Amino acid sequence: MVNQISRLDIHDQQIDQLQQVVNEIKASLKLLNEERSESREFRKVILAWMKSQEKNSVDSSGQELQSDLIHDPLIPVVDGKHVTIHPPEQFTTIQHSEGISDLIGGVKVEDTEHPNCGDSKTAPHFSFSIGLEPLTDDGPKVYSRKKNRVTTAKVGQLGKRPAIALNGVSNQSNKRNQLVGRPFEGLTYGRRGGSRGGGQGRGCGTEKPRLLDDEEGGVLFYSASPSSSSTYGYASLEKQRQRLPVFKYRTSILYLVETHSTTIIVGETGSGKTTQIPQYLKEAGWADGGHIIACTQPRRLAVQSVAARVSEEMGVKLGEEVGYTIRFEDVTNSDLTRIKFLTDGVLLREMMDDPLLSKYSVIMVDEAHERSLSTDILLGLLKKIQRRRPELRLIIASATIEAKSMAAFFQTRRRRPRLEGEDHGLRTEPAILSVEGRGYNVQIFYVEEPVSDYLRATVSTVMSIHDKEPMGDILVFLTGQDDIDTAVQLITEEAQNSGKSSLGMIVLPLYSGLTRADQDLVFSPSPRGKRKVVISTNIAETSLTLEGIVYVVDSGFSKQRFYNPITDIENLVVAPISKASARQRAGRAGRIRPGKCYRLYTEDYFVNEMPSHGIPEMQRSNLASSVIQLKALGIDNILGFDWPASPSSESMVRALEVLYSLGVLDDDAKLTSPVGFQVAELPLDPMISKMIIASDQLGCSEEIITVSAILSVQSIWISVKGQRELDEAKLRFAAAEGDHVTFLNVYKGFLQSNKSSKWCHKNFINYHAMKKVIEVREQLRRIAQRLGLTLKSCENDMQVLRKAVTAGFFANACRLEPYSHNGMYKTVRSSQEVYIHPSSVLFRVNPKWVIYNSLVSTDRQYMRNVISIDPSWLREAAPHFYQQQPLNPNRP
Ligand SMILES: Nc1ncnc2c1ncn2[C@@H]1O[C@H](COP(=O)(O)OP(=O)(O)OP(=O)(O)O)[C@@H](O)[C@H]1O
């Protein structure tokens, strides 16, 4: 009798367990909220008390309260300068200027004079947080001068104008300034105008900024000096380093790192945090005795580029004293490397071998505002490590971080016994340092009305800049490869159509799937008389310096991951960005010379509607990989883990369920042995890891490792204008079984061609991606051997290969709907409607049963990387997940 496969209802007992987990989470969240509100009340009392103390402490001659820190011999008392504390009220005036100081609260300790700055009035300052959480979590206040604001359509809720020309882009600030009789003062950057080495209000050697009252009673900074001077140009690397705003804070930074377990550094984009601080630490001896200084970044491209820059500044070969590590690429030397840049994900992996990260003396978590999944987990773990290793120093850096809440997170609880380090004068409460000053002016322009089509608006803005503005490269932020490829094509066509414009424009895409060579093009200088237009995703948003960039065009959108734990679908959705992102984007200009940023949204939208920060990735991601990592690090009580942002209970339950079904976790939610530990060792999605482990027994590990390597690179196909040509190319390799077997055919062809780039070109295959596949494959083979798996080929037995895929991805099984004329499938797990993606070799073939690797959502839910299976394998692979039901006679 033919049997039907349906998802086995989870045993009652398991449901009970899961329900228990949910209840626990809910209970902990409730407790947490109660704790928070209690501590808020407490803080109010403390703040009131502090204010009264401070008022009493300022004597009649107006002298400021002297800090007991003055007597601390470790304070960098330079040239007889002393340290004073300003009452917190003084921050309130600053809070109305959108800037670094907005983000800082608590007691401010200020050097009244600085070693590098002769003028005591323009001295930089550093602040210590008093370790209290902010009373409100509103984030920075944005100064606004318009009294009667017109509510604008949201970006994305499109206005009526089809597209804009550059003259549709207004310098609203200029207009306003004419009205109120002030020079240009961009909302974000104009008022901070000036030149490197002092252009900023608080920098050295410039005129002191005047404080002006605005119409609403707030106060804003106004720099009397106009736009940047021409201090930019060619200077020795050493001089360039010394001109950076962060240089003036060198002593303060080193002092704070010396005396505090955790230092939070907030500084404008381009002020030198990423490239300089690791070097200062090295110069101060933090890399002595074989120790390493680590600096993490959320993005691989940033890791590679800042490592290259720092090695250049230090005059050393990349990979020796300065190195970097990203997934599947290690450019370090274990004997020589002293400064190491790495992604936060890689540092997490390193904890598997060295849970206390003992080789690092200082870990700088950069761009913490991004709140990537790995950054958040890393922060939670680093906090734990510090308890065991008080000597480990943490630096949390960003331009737009919510410093107070970050400080509150690192504030060690009072219940805890004294740390070893505290006895040596090491302060466990985090210090907050504000690095004032930015490189060069960036004028901000907003559209007057919402644009109806951000792609077309982008194209016309780029063309207008090219026509009307002086030379300088343009960096455009769009959302993803599709948008970018379209924009590249449209701009190229427009340039060709308008004879004048076509002269001297080089349009380049930038996204993570590009080959290294194509990415390198973006970093190479533009030929004389040519203007580079780089069209990028948000991979260029943080930490990157592209030398020639003068103009930034910000579409206001990015692709963001959103995971729905109920449907278990993770989508990449085009969504509006946050103010923090907008500032980062604008900050890609003004790094080497003054710049301009054109925002394709209205000023009203920016001020009134754009959220200050994005949703932490933790709260919109599939948590399966994170749970395994934490479990592998011995953190069994995941619910009690100190997350900087609590994940949703549904996501947590779903992750536990998936891991349980894969056999990675046992009934007590502990890692199983050996499968759970093996899966944790592999730096891959748990389903791919499980597929590799299953291939050992099925005798096809060589092939499955190849498939896994291919699934780990973005795409092995070259995107071409004519989809038909690509489809024809794919047909040469297409296998009836599906995409995974097709990948194997491509790999075999590549080897047979002697890894020829010509062969790749001819077949629309990405040569660099294939080289990467070879590299990743080698690494995976090494890990597999270390895990005791046998490397074996199944030769041409594709059935075992498909069974191995099923062993990892059984939860993604789908059945073709009977009588479906449009290729509709339903997932066995949740009966969702899904379709085979047109890029799959099984598109329109529609086998009865398939398994997919991932889902993408556009107008429909599409399955990507699909393979056909026999439904009986589902029960073989996961008897605990599927059961056979007698065939329903009413169903065809
Ligand atoms: N590859 C490079 N080429 C030329 N100059 C560079 C390069 N990288 C950095 N710089 C210079 O060093 C400055 C500081 O860069 P850095 O990345 O350290 O700043 P940051 O404060 O970390 O800013 P962000 O957070 O925006 O990355 C830049 O503004 C630029 O002037």
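Predicted, not measured: the structure shown is a model, and the values here were computed from it. In each ligand, atom 1 is the first atom listed, and ligand 1 is the first ligand listed.
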Go through ligand 1 atom by atom and flag the ones less than 4.0 Å from a non-hydrogen atom of [X].
X    : result
R588 : 24 (P), 26 (O), 27 (O)
E367 : 24 (P), 25 (O), 27 (O)
R591 : 15 (O), 16 (P), 17 (O), 19 (O), 23 (O), 24 (P), 26 (O), 27 (O), 29 (O), 30 (C), 31 (O)
E268 : 21 (O)
T269 : 23 (O), 26 (O)

Is there at least one pair of N or O atoms, one from [X] and one from ligand 1, spaced under 3.5 Å apart?
X    : result
Q240 : no
D366 : no
E313 : no
G272 : yes
T542 : no

Please tell me whether E541 and S581 have a donor and an acceptor in their side chains that are separated by less than 3.5 angstrom.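 Judged by distance alone, the side chains do pair up.
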
Check: Cut-off 3.5 Å, side chains only: do T542 and R299 have a donor facing an acceptor?
Finding: yes

Taking it one step at a time, do E547 and R591 satisfy salt bridge (Lys or Arg N to Asp or Glu O under 4.0 Å)? CA-CA 8 Å; E547 281 203 35; R591 297 171 81 82; over 6 Å; no

Within the 4.5 Å heavy-atom criterion, are D344 and Q297 side-chain neighbours or not?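 They are not in contact (no side-chain heavy atoms under 4.5 Å apart), so the answer is no.
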
